[in-house]
Peer 1: 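This structure is in structure tokens; I'll ask about it shortly.
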Amino acid sequence: MAKNPLHTPLCDMLGIEFPIIAFTHCKDVVNAVVNAGGFAVLGEAMHTPDEIAADIKWIRSRVGDKPFGIDLVLPASVPPTGDLDELRKKIPESHWNFWLDMKKRHNIPDPRGQVALHQWGGLNQEIARKQLDVLLEERVPVICSGLGNPAFILKTAHERGIKVFGLVGKARQAKKEAEAGVDAIIAQGIDAAGHTGPVGTFSIVPECVAVAGDTPVIAAGGVTTGQHLAAALCLGAVGVWTGTLWLASRESDNDMIIKEKLIAATADDTVYSDCISGFPMRILKCTWTDEWAKDGAPKVLPAPYQMLLSSDYIQAANDHRRPDLMTEAAGQGVRFITAMKPARQIVFDMVAEALGVFEDLTGVAPE
Ligand SMILES: Cc1cc2nc3c(=O)[nH]c(=O)nc-3n(C[C@H](O)[C@H](O)[C@H](O)COP(=O)(O)O)c2cc1C
């Protein structure tokens with residue numbers, strides 16, 4: 001019998017059974033993955049401090065003392081303060097006109113509700129700081145930063161027994177964060193859903209492993225099968241960080257239209273563009289991304305202004321449930337999302353597939 005290749009240092013660090021991390025915005029997915037033996041991180045960048053505190057309580061009531069994480073965005077490049085209306089006034093008229101023209105040509109209605117951006121941590125540094133204070137106060141087991149270097153919170157977090165993980169898209173960021181003392185680095189490739197850097201997962205993971213010293217590296221970007229998990233471990237990662245994988249899960253609270261789009265999608269249906277937020281990200285193609293890719297489209301605005309512009313479109317698309325307009329962050333591994341499986345089954349399927357790979361490679365069944 002060979003040793004279990006899926007029992008990695010990440011399992012020991014977090015006290016988990018499988019080196020699989022789910023990034024999700026849905027508390028039910030967190031609950032299911034953590035209770036299935038994986039680890040899960042709830043994205044809370046859009047939530048008020050009170051909502052974050054309530055979500056932490058909800059998760060704790062279901063997972064007991066099993067660890068989980070909360071993810072925020074902490075970009076240093078956004079303004080220190082400023083509310084939504086104030087910031088919207090700074091968007092050039094040419095950009096508003098581009099959007100209004102698109103709106104007319106595609107018959108896009110006004111959003112029904114208020115644009116859900118008031119509490120986005122990427123709007124200004126003051127909001128992100130208040131969100132962060134809740135995580136520190138609540139002593140969540142792991143804090144992750146999707147955008148921005150979390151080095152400035154390390155001392156306070158570690159004093160409270162909190163681990164800090166940083167997401168990086170370039171090896172030099174990984175080196176900087178490892179030297180600062182983060183507990184793990186998530187090396188995220190261009191294959192990934194959401195904000196991500198320009199290097200492919202197959203290159204960024206070993207590049208980060210090479211510069212991270214003793215800091216463990218977790219692979220992200222395009223990981224949707226057990227084969228990907230096995231490959232990530234072969235590249236030197238201690239586990240995988242996954243996002244797209246959970247979007248169409250039974251527990252996910254995504255709109256059914258989005259779940260169906262994801263199940264039908266392949267890598268060709270995704271696009272890497274900064275037209276949503278001003279930072280490059282991978283999402284499902286939609287009317288907005290098509291329009292910004294055309295010759296003659298204005299220059300994309302820096303964060304947070306581009307997100308303020310796109311938020312009217314996204315809110316309208318979701319409020320009116322227009323499949324042609326709706327989009328979601330999605331990685332290039334989306335082709336392998338073929339059914340709305342329960343999150344627990346997704347974990348177990350990935351584990352079984354990865355163990356099968358190692359057995360095929362070595363000819364020995366793992367323990
Ligand atoms: C819908 C969605 C939203 C995301 N939003 C964030 C975010 O707010 N913060 C963050 O750190 N990562 C975010 N990500 C990226 C994930 O953390 C993760 O790195 C990525 O999904 C990995 O690539 P994969 O989707 O190919 O598995 C998001 C991913 C998805 C699918």
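Only heavy atoms go into these numbers, but all of them, side chains included; no hydrogens, no water, no symmetry mates. By convention here, the first residue in the shown sequence is residue 1. Indexing begins at 1, ligand by ligand and atom by atom, following the structure's order.
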Peer 1: Atom 3 (C) of ligand 1: which protein heavy atom is closest, and how many Å away?
Peer 2: H25 CE1, 3.3 Å
Peer 1: I need the nearest protein heavy-atom contact for atom 31 (C) of ligand 1: residue, atom name and distance, please.
Peer 2: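 Residue, atom and distance for the closest contact: A193 CB, 3.5 Å.
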Peer 1: Measure the distance from atom 19 (O) of ligand 1 to every protein heavy atom, then report the residue, atom name and distance (to 0.1 Å) of the closest one.
Peer 2: Q188 OE1, 2.3 Å
Peer 1: Among all protein heavy atoms in this structure, tell me which lies nearest to atom 17 (O) of ligand 1, with the distance rounded to 0.1 Å.
Peer 2: W241 NE1, 2.9 Å
Peer 1: In the protein, which heavy atom is nearest to atom 4 (C) of ligand 1, and how far is it?
Peer 2: F23 CE2, 3.4 Å
Peer 1: Please state which part of E328 comes within less than 4.0 Å of ligand 1, counting heavy atoms only: side chain, backbone, both or neither.
Peer 2: side chain
Peer 1: Taking Y272 for the side chain and G197 for the main chain, is one N or O donor matched with an acceptor at less than 3.5 Å?
Peer 2: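 Side chain of Y272 to backbone of G197: a pair is present.
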Peer 1: Would you mind checking which non-hydrogen protein atom is closest to atom 25 (O) of ligand 1, with the distance to 0.1 Å?
Peer 2: T244 OG1, 2.5 Å
Peer 1: Should the pair W292 and F98 be assigned to parallel (<30°), tilted (30 to 60°) or perpendicular (>60°) ring geometry?
Peer 2: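 Judged by the thresholds at 30° and 60°, the geometry between W292 and F98 is perpendicular.
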Peer 1: For atom 26 (O) of ligand 1, what's the nearest protein heavy atom and its distance?
Peer 2: G222 N, 2.7 Å
Peer 1: Which residue and non-hydrogen atom of the protein lie closest to atom 30 (C) of ligand 1, and at what distance in Å?
Peer 2: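 Heavy-atom neighbour on the protein nearest atom 30 (C) of ligand 1: A329 CB, 3.7 Å.
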Peer 1: Would you check the N or O atoms of G243, main chain and side chain alike, for any that come under 3.5 Å of an N or O of ligand 1?
Peer 2: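 G243 vs ligand 1: N/O contact under 3.5 Å present.
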